[in-house]
Structures are given as structure tokens and as C-alpha cells.
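Counting starts at 1 for both ligands and their atoms, in listed order.
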Amino acid sequence: MTGESKKIKIISIFGTRPEAIKMAPVIRELKSCPDVDSRVVVTAQHREMLDQVLAAFNIKPDYDLEIMRPGQDLFDVTVAVLKGLKGILEVERPDLVLVQGDTTTTFTGALAAFYCQIPVGHIEAGLRTYQKYAPFPEEMNRVLTTRIADIHFPPTDRSRDALLKEGIDSDIIFVTGNPVIDALYQALEQPFHLDPEISRAFRDNKRVILLTTHRRENLGAPLQDVYMALREVLLAHPDVAVVFPVHKNPAVRSEVTSVLQGVERVYLTEPLDYLPFINVMKRAYLVLTDSGGIQEEAPALGKPVLVLREVTERPEAAAFGTARLIGTDRCKVEDEVNRLLDDEGAYLEMANAANPYGDGRAASRIIQAIYCYFGLREAPADFSPAEKSIVP
Ligand code: UD1
Ligand code: UDP
């Protein structure tokens with residue numbers, strides 16, 4: 001602890017849209033702790049997609065590294081984050097750095113703190129596919145962040161067990177649930193504005209499929225296959241539409257336009273702001289995605305989710321029955337989507353509202369665990385999912 005006031009100084013570092021969404025409830029809770037001095041550093045690995053989350057949760061960063069450049073690669077991002085954080089961490093000397101998830105900002109944030117010998121807390125720790133290149137580079141970012149971290153906040157028992165197997169001491173592991181569910185609880189209460197074009201998709205069609213894609217390992221043929229499969233699905237189902245907010249990554253955009261631009265009942269949009277996005281998800285019939293965070297949110301909203309990946313570090317929702325891992329093979333995607341559209345029994349079985357990822361109190365467990373780490377409070381009770389738990 002530093003300073004005359006003996007406050008615990010905590011710096012939260014993040015840079016992309018999903019990190020911001022999952023950090024927001026934690027930052028809100030930290031701000032309300034009288035004995036915590038909370039600072040926020042954004043790397044801005046993402047720019048527009050980050051800024052809309054900062055606005056939605058009213059977060060005003062203390063530092064903004066502004067590192068996003070068009071077309072930069074993993075080396076560029078890594079170097080820019082490390083260099084940017086050096087001066088800040090050397091001057092601020094926090095008692096703890098918090099990072100979240102598996103992006104390049106996550107890993108390099110942890111590495112920068114390590115170079116300054118500052119303890120690191122890792123939110124959403126212990127997710128694993130055990131495949132070095134899937135997802136790439138996220139799997140290795142997580143493993144390396146675990147090696148550096150001093151406190152680990154796995155969301156579920158499974159992620160806790162992965163950490164234990166890697167030799168992490170149980171005293172510094174706290175099963176908290178995922179703050180993505182806290183964010184969802186908070187955000188669903190807020191007013192939102194829906195673009196008229198998207199409203200039209202819901203008005204003019206009976207069932208809407210929400211689609212998002214951005215994984216690096218899916219670029220090229222896998223994404224083309226998924227989009228072709230959806231064209232076939234739409235031809236066979238005149239009552240169905242696809243709403244597709246397209247990720248800002250130009251590599252994703254070029255894949256999308258070549259197959260889906262101008263296709264009837266495909267509503268391509270810019271990335272939606274978080275509040276409209278979750279409300280679209282709430283109204284959608286089913287979700288098709290290769291996203292990590294959306295795999296967690298959809299089950300919490302009782303929406304069947306088909307996961308466009310060969311492996312996932314989030315198998316809990318499949319075990320609970322609300323998600324299916326279907327990969328990107330064209331015939332397989334078409335069959336799986338058709339099954340949910342045509343077989344009501346199969347659909348209802350998946351839409352069974354089981355949510356393994358949180359109860360809306362992850363942030364408060366994380367804060368209590370931090371106090372525990374500094375010897376100021378008892379450890380929080382571990383999160384454990386209810387049999388049926390849908391966000392109201
Ligand atoms: C990154 C993360 C990924 C995470 C995803 C969430 C890494 C290596 N990848 O992937 O783990 O799942 O974010 O969305 O950390 N861009 C913009 N505006 C934005 C955001 C991105 O123009 O607001 C463009 C930029 O040209 C940028 C490119 O998208 O260079 C790719 O962004 P980058 O952060 O490198 O990778 P993502 O695919 O977004
Ligand atoms: N999201 C959003 N607008 C969109 C698509 C996604 O606000 O158009 C949110 C979504 O609710 C989730 C997060 O962004 O919380 C997921 O981000 P993304 O899929 O980019 O990254 P990942 O979770 O795969 O790392």
C-alpha cells in the first residue's frame with residue numbers, strides 16, 4: 001500500500017471492446033471502495049469499438065496510449081503497449097495491476113507490470129483449449145499471463161481446475177464468475193437506440209439470426225464457408241433474416257463483402273454499440289458466432305448459440321446444453337442452423353436458459369479477493385452456477 005492515506009492503488013489496463021465490457025463492472029466497484037485509489041489505463045488497441053464501451057459505462061481513462069494504427073500486426077501492438085506502459089507504471093507504482101482475458105493488451109500489460117515488479121491480478125483466468133494456435137494468439141496470451149499473475153480470477157470451477165493442474169497455489173485462486181454477466185445485468189436496464197434498418201429486420205422477418213465473426217484463424221476459407229452456408233439457409237427459409245454487425249478489422253470486412261453484400265435479408269451493419277447489441281441478442285432467435293464473450297452472454301439470455309470454431313476454451317455452455325461447437329464446414333453449418341430453425345424440440349432444448357458463467361456479482365467477489373490478497377478481508381465464497389439462471 002502506498003501514500004499517506006494508505007489506499008491500495010490499483011491500475012486497470014485494457015484495450016479492446018471485450019476487455020472494456022468485462023472490466024467495466026470491476027472499475028465501477030473499485031471506484032466505490034473508499035480505501036482504493038483506482039486508475040484506468042487504456043491502450044486503445046481498439047479505438048471506435050473501445051470508445052463506445054467507455055461511453056456506455058461512463059469510464060474516463062486516466063491514461064490513453066492511443067496505439068491503434070491501420071494494418072498493424074502483433075509485433076507492432078506488443079511493442080507499442082510495452083513502451084507506452086513503461087513510463088506510466090514507473091511513475092504510478094501501483095500496488096496491483098489488473099488485466100482481463102487474452103488479448104495482446106492483456107499479456108503485454110501483465111508483462112509490463114512484471115518488468116516493474118508490480119503484482120498482477122488476472123480476470124477471466126484459466127480458460128484453455130490446450131492448443132497453441134487455436135485461438136491464435138489468445139491461447140498463449142492466457143497461458144503466459146497465468147505464469148506472470150499473482151492473483152487469479154477464474155470464472156468457473158473448470159477454469160479454476162486448469163490453474164490448479166498448472167501448479168498455481170489454491171490460496172491465490174478465486175472463482176468469481178465472469179463480470180461479463182454483471183455488465184449484462186447493468187446494461188439491460190439502460191435505454192438504448194436501435195438503428196431503423198436493424199429494427200426493420202425484426203419487423204419484416206419472423207426470426208433473426210445474429211451473426212458475428214472475427215477470429216484470426218477463421219479468416220479466409222472458413223469464413224467464406226460460413227457465409228455461403230447462411231446464403232443457403234436464407235434461400236430455404238423466407239421468414240428468416242441475418243443481422244451481422246461486422247467487426248472493424250479490414251481483414252474480416254473484405255471476406256464479408258465478397259459473399260454477403262446485397263444478399264436479400266442480410267442486414268450488414270457497423271459494429272453495434274454495446275447497449276443496442278445486447279438488446280438485438282435478446283430479441284434474436286439464435287446466435288452464430290466465433291466470439292468469446294458472446295458465447296458467455298447468449299446462454300445468459302437463453303439464446304441457443306452455435307459456435308463457429310473447432311475448439312473452445314468455454315465448454316461450460318455446451319455442457320449446460322445452450323451452446324454447440326460446430327466449426328466452419330459449410331455443410332455442417334447449414335445442417336446445424338437448419339436443425340434449430342426446423343426442429344422446435346431441438347431449439348427448445350438449447351434455449352433452456354442455463355447460464356454457467358455468472359450471477360452478476362463477479363466484480364464484488366473480485367474486489368473482496370483483492371482485499372483478501374492484501375490481508376484486509378476473508379476470501380469470498382466461490383461462485384457456483386444455479387441450475388437455471390437467466391438474466392431478468
Ligand atoms: C482483438 C484481439 C482478440 C479479441 C478481439 C475482440 C489480439 C491479438 N486480438 O482482435 O483477442 O477477441 O480484439 O474484438 O489481441 N480496428 C479498427 N477500429 C477498432 C478496432 C479495430 O479500425 O475500433 C481495426 C484496426 O485496423 C486494427 C484491426 O482492426 O488494426 C485489428 O485489430 P486487432 O486489435 O489487432 O485485432 P482484432 O481482430 O480486433
Ligand atoms: N459486442 C458489441 N457490439 C457488436 C458485437 C459485439 O458490443 O457489434 C460485444 C458483445 O456484447 C460482447 C463483446 O462485444 O460483450 C465481444 O467482443 P468480441 O466478439 O469482439 O471479442 P471476444 O469476446 O471474442 O474477445
Side-chain angles (χ1 to χ4, degrees), residues 14-25 42-57 66-78 80-81 99-109 124 127 135-142 145 178-184 187-188 192 195 198 210-219 243-255 267-282 284 287-298 300-301 303 305 307-309 312-314 357:
F14 55 96
T16 66
R17 170 173 68 189
E19 292 164 79
I21 291 166
K22 291 167 172 180
M23 277 286 201
V42 296
T43 64
Q45 178 178 331
H46 287 171
R47 186 71 274 170
E48 306 92 315
M49 284 164 47
L50 172 74
D51 289 346
Q52 55 92 9
V53 184
L54 297 177
F57 288 95
E66 296 184 11
I67 67 147
M68 201 192 86
R69 303 281 178 276
Q72 61 184 350
D73 63 20
L74 295 175
F75 292 85
D76 301 321
V77 176
T78 303
V81 173
V99 294
Q100 190 286 333
D102 56 17
T103 71
T104 296
T105 287
T106 311
F107 165 56
T108 38
E124 199 182 272
L127 278 63
F136 172 79
E138 291 83 4
E139 175 73 3
M140 204 41 63
N141 284 343
R142 284 192 279 262
T145 304
N178 197 314
V180 77
I181 307 297
D182 303 27
L184 203 55
L188 282 172
F192 65 96
D195 185 282
I198 306 298
L210 175 62
L211 170 68
T212 80
T213 58
H214 73 82
R215 293 251 83 81
R216 273 177 154 79
E217 63 275 16
N218 276 349
L219 293 175
V243 169
F244 185 1
V246 184
H247 193 285
K248 281 277 184 193
N249 188 343
V252 176
R253 300 199 145 208
S254 59
E255 309 277 3
Y267 296 76
L268 298 178
T269 77
E270 287 298 315
L272 294 176
D273 287 356
Y274 176 62
L275 298 180
F277 181 78
I278 55 171
N279 280 286
V280 166
M281 190 166 11
K282 198 176 165 187
V287 178
L288 208 58
T289 191
D290 62 8
S291 159
I294 296 169
Q295 280 181 68
E296 296 154 343
E297 292 162 340
L301 293 170
K303 299 296 165 184
V305 54
V307 181
L308 301 164
R309 294 171 54 177
T312 181
E313 60 290 326
R314 295 169 167 91
Y357 295 115

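Shown in contact with R215 at under 4.0 Å from a heavy atom are these atoms of ligand 2, numbered in order with element: 24 (O). Against a heavy-atom cut-off of under 4.0 Å, Y274 is close to the following atoms of ligand 2: 7 (O), 11 (O). Taking a cut-off of under 4.0 Å to the non-hydrogen atoms of P271, the atoms of ligand 2 that pass are 8 (O).
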Between L50 and T16, does a side chain to side chain contact (heavy atoms under 4.5 Å, CB included) hold up when you go through it step by step? CA-CA 6 Å; L50 172 74; T16 66; over 6 Å; no
Q. Can you list the steps and then say if H247 with M49 is a side chain to side chain contact (heavy atoms under 4.5 Å, CB included)?
A. CA-CA 9 Å; H247 193 285; M49 284 164 47; 3.4 Å; yes
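For a threshold of 3.5 Å applied to N or O pairs, the pair formed by D273 and ligand 2 contains no separation below that value. For a threshold of 3.5 Å applied to N or O pairs, the pair formed by H247 and ligand 2 contains no separation below that value. Backbone and side-chain nitrogen or oxygen atoms of H214 are examined, and one is located within less than 3.5 angstrom of a nitrogen or oxygen of ligand 2. At least one N/O-N/O distance between G292 and ligand 2 falls below 3.5 Å. Distances between N or O atoms of G293 and those of ligand 2 include at least one value under 3.5 Å.
By the salt bridge (Lys or Arg N to Asp or Glu O under 4.0 Å) test, E124 is found to be paired with K22, R314, residues two or more places apart in sequence or in another chain being considered.
Counting heavy atoms closer than 4.0 Å to ligand 1, residue L74 contributes side-chain atoms (C-beta onward) but none from N, CA, C or O.
Summarising the contacts of atom 30 (O) of ligand 1 with R69, E138, M68, the nearest heavy atom is found in R69. Closest heavy-atom approach to atom 4 (C) of ligand 2 among the candidates K22, E19, R17, H46: R17.
Remark: distances from the non-hydrogen atoms of E138 to ligand 2 are all 4.0 Å or more.
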